[in-house]
Amino acid sequence: MSSLFINRKFALLKSRITIRMKYDFNQIEKKWQDYWAKNQTFKAENNSDKPKFYVLDMFPYPSGAGLHVGHPLGYIASDIYARYKRHQGFNVLHPQGYDSFGLPAEQYAIQTGQHPAITTAENIKTYRRQLDQIGFSFDWSREVRTSDPSYYKWTQWIFIQLFNSWYNNDSDKAEDITELVGIFEKEGNANVNAASDENVDMFTAEDWLSFSSKKQQEILLQYRLTYLAETEVNWCPALGTVLANDEIVNGVSERGGHPVIRKKMTQWSMRISAYAERLLQGLEKIDWTDALKESQRNWIGKSVGASVTFSVMSSAVETSHKISVFTTRPDTIFGVSFMTLAPEHELVSQITTPEQQAEVEAYVEATAKRSERDRMADVKTITGAFTGAYAEHPFTKEPIPVWIGDYVLAGYGTGAVMSVPCGDQRDYDFAKHFNIPIPNIFEGVDISEVAFADKDNTIIANSDFLNGLNYKEATKKVILELEKLGCGEGKTNYRLRDAVFSRQRYWGEPFPVYYVNGMPQMIEAEHLPIQLPEVEKYLPTETGEPPLGNATVWAWDTKNNKVVSNDLVTPSGVEGSHDNGVYPLELNTMPGWAGSSWYFNRYMDANNENEFASKEALNYWKDVDLYIGGSEHATGHLLYSRFWQKFLFDKGLVPVDEYAKKLINQGMILGTSAFVYRLRVNAILEEENIDNINKLEYLKSNYAIYISEGELKCIQGNKEYEKKYEDFKQSYTKFLESELNTTIVKPLIFNFGSCVPIRVKVDYINASDELNVEGLKTDSEFGKEYKNAVFIGENGVIIEGDNEVYKVGRDVEKMSKSKYNVVNPDNICKQYGADSLRLYEMFLGPLEQYKPWNTAGITGVHSFLKKLWKLYIDDNGLKVNDVEPSKDSLKTLHKTIKKVQEDIENFSFNTSVSTFMIAVNELTAQKCTSKAILEQLLVLIAPYAPHIAEELWSQLGNTESISTAPFPKFEASYLVESSKNYPISFNGKMRFTLELPLDMSKDEVEKAVLDHEKTQEQLQGRTPKKVIVVPGKIVNVVG
RNA sequence: GCUGAAGUGGUGGAAUUGGUAGACACGUUGGACUUAAAAUCCAAUGGCCAUUAUGGCCGUGCGGGUUCAAGUCCCGCCUUCAGUACCA
């Protein structure tokens, strides 16, 4: 063996050793991710001696763009919590899955013809790879995908349960529809107190039995918790589908920004309104943020008052028409001087007198033309028309003129109001505008300028039997009187509307529904799932049917219980055709929120083929202990899922009626977008104008281009110059000359404030705001704009020929591919490692807060990890040993334990990271090598930076994963101090510190402080009036 | 308009029950090491004034107040963000 060979071998060995000595995060992270996957380290069992803890993330929609650094924020927080709970000895369920039905995949399919299932599967693969590389402790054996037939089978099953249920207001829960049929057969519907459609006709038992089957089904639809009804919906022509209210932002669709119009359509709806009160009450017992609860309360919009019915007299002739109104102020009924109906109110055409007909029709037409947006934008203009009809006051029997006005909304309450101008500003304005009398029914209140709406600080007057009563007494009394007359009753109204449940889309859950004689029929549960059919194209059909109308195999064979070709459907209305038992299937699909309304239950028993989850699993896990997700779901997902949970609870299918005990909203991580502002030269102030602009404000916000040493440069006015030129008398030119020691040839001052920003890719601007002009010029997308640009000066200003000037600018906004400001976690993991990413995302700031991302800052946490590594391993290998820990290092460890534990429990993850940094800095300074300290430190850090913790843990000789190591126990005794460095203040201002023993009495402390020479200096011979001594905290001398 | 959250250095943020405002980082400046760069290490860094060390004044959006003591509590405003909006 040659010596050369030996040398080479030695060199190789040496390099291998140095690799082991170095913090090689890529290798370490891969190693432990593989280990966790192989050993199923985070698999949760459905039975255990340990107490259970369920940590849930809102599952993502797997978009084609993949994850950006904003997405994992909440997952990192929940992962830290889940890992912490494992250290504490809990059996932790921490699952993840995909909300994989949705519009983008369908849009992509329309454009490319690619089946959404394929793109979705690809996107999920990318998501999984990206999630895995961050090192989450998810139990992937429980993964769910809402678009998977094995999952949506149960979404369809729950839909059937809803269809087969009605809401009994007496028992205050959902009950089986067969019980309702039983009641109808016995006694009709007179005594049924149910959440139902309005205007349900009364019928007796005999009536019921005499009704045709179709009629009976129609009636039942008015009671079912999911029902088919003609509803006015938000129709988006561009997307060819119906949108829910929360899918519309500022009058256009949330996705794509397309216009939305109102349209009447037959749609599936969910009777969520039946649960309004319970959804409201349930908020009391869950630990969600006040902001979130408040927005749900507003959305439910409970108001307590009365309904009052007015009889209508048309042209002084009695009619059978009645106007029903809802009011929260029945106590003001004697202040009614007119009534107002919404222009769309069904009575308008019937009660309008011939004389007023032309005016009313013109008005109705004019309002119909105005879009919803116009009506909302313009609330100041008062418009309306008199119908010529009068209503009769229930008590005074006086005639009340009936008007129509667009300030009354058809969609709220009954679409009609009793107008009390003295007590409501809108009624007041309307009355003033049309010269309608404004009777005052409040004692000692001036209503000559504005209405008096403060119900708690007045006494009713001029109101017959209500005189002298306050709001509460009057309300009670008037409701009693109205009930006596049979023209009103106490009533509670909710703003919450039933939720439309149909979408005219392909990529969603198909309904388990077929139609016989136009009436919907449920497919038996045992035949589920009804899988999405294949279609030629994903667009609506030529006849305007939803995409499923393109399917050729989409009919239900009731004899063989399977989906068959459309050709076999019995042609309806054809003479002599016999019914072969094949019927058309529903063409709509379910909305995005169907699958997400119950997924948290599925995780408990994700692979169960016989039930949506077993009783045992449901009873064991019960509910989510911690739910983390975005606040944008406040009135969508978080309301619908509570509704479904309450329904499932009523049916005895789940053990709790609120599924998430605690919920935290993570804030958004924002991206920095780059803009180029452009200004035309004619807006630039030339030299001769400069003397006129001696205003400080101007200087601050403006820029100047000047020529120095033959080069064009740019400078921005800022605070420094403002300060130096407080009495800004000289010209800007002179300032530049003296300040820059150069001759100004032609200064140009300009302001970018009013310019239109042009978005550019952030890649073209570096950290110092320098613009890569050459790169920008050659860019295929933006290049055209900047062909002739010349870069000048360090501020990234470019000037194009003699005509236009540009300036680079930045703005913080939501991260999005279309804004060119996304930061990909893949690159971060590659360059700094997953542990750095995890720590940095937490370090950025409080979890709930919105905060901008800045990749530059990650070096801080990254070098912290390197320092941590060096605490255990140096060039000579592991340096941890069994020496007795020093007092100082024990103190460092235990104050770290205390702080980190408090932080995790308060979700204050950002301060924990600082605490780790302090601990490592201190232990490094103490040259701590004690295993007793360093081993425990690893457990503290493991939830945050699990890979490095596992690696060092195993290097310390442990053979089991660190993930179940017990969390270190805090011992207060290590923190006990014998002395305190007291801050000594004089009149509240800290002047110096003084080290004093903690066992000193108050008087001794006072004496020690007063005797101190610095105290004498401060007092300068004066006698202090008072000395405040707070033992262990502070001393304040008042003098 | 209403509801909710928030305003602290050049930047992200800390100060959890009123008790040393600016922890921990980023950035910046200076220095060490290096042929050089990177990496690493050391020092300074709220503003202003002064300086030989020592120091002094101001300072948590604005104006008041309570207190020995206020970023923190109270009253009145301003600004920003989010949600919601003619809800009877």
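Small disclaimer: the values here were computed from a predicted structure and weren't measured. In what follows, every chain begins at residue 1, and chains take the letters A, B, ... in the order their sequences are listed.
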(message) Mind checking if A/Q849 touches a base, just sugar-phosphate, or nothing, with heavy atoms under 4.0 Å?
(response) sugar-phosphate
(message) Please tell me whether A/S303 and A/N493 have a donor and an acceptor in their side chains that are separated by less than 3.5 angstrom.
(response) no
(message) Walk along nucleotides 21-26 of chain B from 5' to 3' and tag each nucleotide B, S or - by protein heavy-atom contact under 4.0 Å, base first, then sugar-phosphate.
(response) --BBSS
(message) Going by purine N1 to pyrimidine N3 plus the second Watson-Crick contact, or the G-U wobble pair, all under 3.5 Å, which nucleotide sits opposite B/G19?
(response) B/C68
(request) Name the nucleic acid region contacted by A/N906, choosing base, sugar-phosphate or nothing; use a 4.0 angstrom heavy-atom cut-off, strictly under. (result) base
(request) Looking at every strand, decide which applies to A/K866 at a 4.0 Å heavy-atom threshold: base, sugar-phosphate, or nothing. (result) sugar-phosphate
(message) Pair A/K898, A/E902 - check salt bridge (charged side-chain N to carboxylate O under 4.0 Å, His left out), show working.
(response) CA-CA 6 Å; A/K898 182 169 189 279; A/E902 283 169 3; 3.3 Å; yes
(request) Examine A/Y832 together with A/Y840 and report whether their ring centres are nearer than 6.0 Å. (result) no
(request) Please give the nucleotide sitting opposite B/U60 as a Watson-Crick or G-U wobble pair, both distances under 3.5 Å, or none. (result) none
(request) Report the distance from atom CD of A/E489 to atom OG1 of A/T309, rounding to the nearest 0.5 Å. (result) 8.0 Å
(request) Using a 90° cut-off around 0 for syn, call B/G9 syn or anti. (result) syn
(request) For A/D290, report the nucleic acid contact type (base, sugar-phosphate, nothing); a contact means any heavy atom under 4.0 Å. (result) nothing
(message) What I want to check is whether the side chains of A/S295 and A/T635 have a donor and an acceptor closer together than 3.5 Å.
(response) no
(request) Tell which nucleotide pairs with B/C81, taking only Watson-Crick or G-U wobble pairs whose two distances are both under 3.5 angstrom. (result) B/G4
(message) Under 4.0 Å, heavy atoms only, any strand: does A/V1038 hit a base, just the sugar-phosphate, or nothing?
(response) sugar-phosphate
